[in-house]
Amino acid sequence: MLALAREAAELAVARIESLPDESAWDGEFKEGLERLLLESPPEEGRPAEEVLRQAVADILPMTTRLDHPRCFGFVPSEPTWPGVVADFLASAWNVNACTWLVASGPSQVELVVLDWFRRWLGYPDSSGGLLTSGGSAACVDAFVAAREVAGKPARPSVYMSDQSHSAQARAAVIVGVGREAIREVPTDGAFRLDMGALARAVAEDRAAGFTPLAICANAGTSSTGAIDPLHAMADFCQAEGIWLHVDAAYGGFAAITEKGSELLSGIERADSVGLDPHKWLFQPYEVGCLLVKDVRTLERVFGFSTTVLQDTVWGANHPNLDDRGLQLSRSFRALKIWMSIQTFGMSAFRRAVSKGMELAKRAELYIRESRTLELQAPASLGMVCMRVNPEGAGLEEETLEDVNREVLARLFWDDRAFVSSTSLHGTFSLRFCIINHSTGWDDVRETLEAMERFGKDALA
Ligand SMILES: *Cc1c(COP(=O)(O)O)cnc(C)c1O
């Protein structure tokens with residue numbers, strides 16, 4: 001085990017060192033991978049080092065390198081090394097963070113980490129929650145709680161903007177909201193939910209016999225980083241008696257910076273907030289988080305006393321975290337957060353999050369000055385959207401889409417960077433999400449320059 005772990009550690013470090021010189025993406029068609037990997041499980045084993053080397057050579061490289069300094073696609077994420085090692089330790093110690101009896105130390109560390117998150121958001125003492133597999137799972141657990149509070153209505157409906165992540169709609173379906181009762185509320189020119197349209201949708205649904213279960217606000221959409229009008233939505237939810245869930249899976253950890261905390265003002269008024277430490281808190285997958293304003297709401301829905309677990313009840317102030325969500329057996333996700341924050345300190349995390357926002361702002365300024373690039377959505381929480389649209393060329397929308405698809409393809413095949421696209425109210429857009437802590441301005445600038453070059457080629 002020691003020899004294998006040493007070799008694994010050396011290979012992992014070598015990979016990090018060579019990453020910037022490699023392409024941010026690699027992948028292979030299914031036939032190719034089947035040729036390499038499809039077989040019956042071997043009856044007899046072979047040397048562990050050989051298996052390790054095959055995994056490192058054939059399997060692990062076939063991925064988008066989400067931690068590459070030039071990975072700007074989707075939501076990239078670059079874990080800190082103490083977090084990576086923490087996952088190894090959590091497996092090696094075989095922790096099951098289910099109950100206090102089974103894992104008191106890990107449970108306490110999870111409570112500590114949740115308390116940090118609570119303070120960053122400005123949430124009250126009464127709040128609490130749990131770490132989850134991700135933002136999607138957090139959303140499901142939040143809607144289960146919301147359904148309970150709403151009295152398990154027969155005809156539930158939920159509300160979210162047309163920019164909301166599909167995780168919210170999927171969670172609604174899981175808790176029994178029909179697809180036809182998921183209301184997509186339109187957004188304004190800044191991709192923020194339209195309050196008038198929300199109020200109309202709720203009133204119409206109530207008149208038609210629906211019971212609103214929850215309203216979802218975005219604290220950083222995954223297309224543009226837009227933040228919904230959190231205070232206005234909280235006022236509305238308060239007046240209407242509807243659960244407010246804030247999906248802060250993308251943007252929530254901006255709250256650790258002064259600027260981000262101003263931008264996210266109002267998040268502390270939500271009934272529940274979903275976060276994703278495996279995004280902007282630089283943790284390896286998986287770790288998400290759900291915080292609920294009154295933690296008892298979760299325990300009322302998810303708490304069960306079973307005979308086989310009767311020994312695990314320690315009484316007041318010794319929560320069994322399995323009583324707050326879906327999972328009984330749970331990995332020790334809090335350790336990676338705790339170890340990386342203890343190692344680097346909050347000042348380093350604050351600098352890293354601020355850097356993402358500053359680089360996006362700098363990219364916005366570059367795009368504004370470029371004669372080839374057009375800004376489509378200004379920098380918001382580390383994201384910026386643009387397309388190639390040369391000044392004075394007067395290109396038709398259809399041509400522009402073709403040109404920009406070609407630019408995206410050229411970046412994909414001919415450049416180290418990885419960028420992904422989105423559709424902004426129907427317009428094709430190239431989207432930069434700049435939150436890796438090792439990304440520098442040169443990484444962003446050279447990728448923007450490549451886009452300008454590929455754009456000129458496409459038009460030549
Ligand atoms: C990533 C993301 C989700 C989904 O979270 P997972 O951790 O992938 O389950 C939901 N909402 C937003 C805004 C996201 O960025």
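Each ligand, and each atom within it, is numbered from 1 in the order the structure gives.
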Study note, to complete from the structure: With heavy atoms and a 4.0 Å threshold, my read on which part of E286 contacts ligand 1 is neither
Exercise for review: Flag T221 as yes when one of its N or O atoms lies below 3.5 Å from any N or O atom of ligand 1, and as no otherwise.
Suggested key: no
Exercise for review: Apply ring pair (Phe, Tyr, Trp, His ring centres under 6.0 Å) to Y285 and list each qualifying residue two or more places apart in sequence or on a separate chain.
Suggested key: H278
**Study point:** Nearest non-hydrogen partners of S380 and G225, listed with the distance
**Key:** OG-O, 2.7 Å
Practice item. Could you point out which residue of L263, V353, I435 forms a side chain to side chain contact (heavy atoms under 4.5 Å, CB included) with L381? Key: L263
Practice item. Work out whether the distance between some heavy atom of K279 and some atom of ligand 1 is less than 4.0 Å. Key: yes
**Study point:** Test of proximity, S222 against ligand 1: N or O pairs below 3.5 Å
**Key:** no
Practice item. Report the residues that fulfil ring pair (Phe, Tyr, Trp, His ring centres under 6.0 Å) with Y159, sequence neighbours left out, ordered by chain and then residue number. Key: none
Check your understanding: For D276, is at least one N or O under 3.5 Å away from an N or O on ligand 1?
Key -> yes
**Study point:** Close approach of Q168 to ligand 1, heavy atoms, under 4.0 angstrom
**Key:** no
**Study point:** G135 N/O to ligand 1 N/O under 3.5 Å
**Key:** yes
Practice item. Check the surroundings of atom CH2 in W441: do more than 12 heavy atoms from other residues, nucleotides or ligands lie under 6.0 Å from it? Key: yes
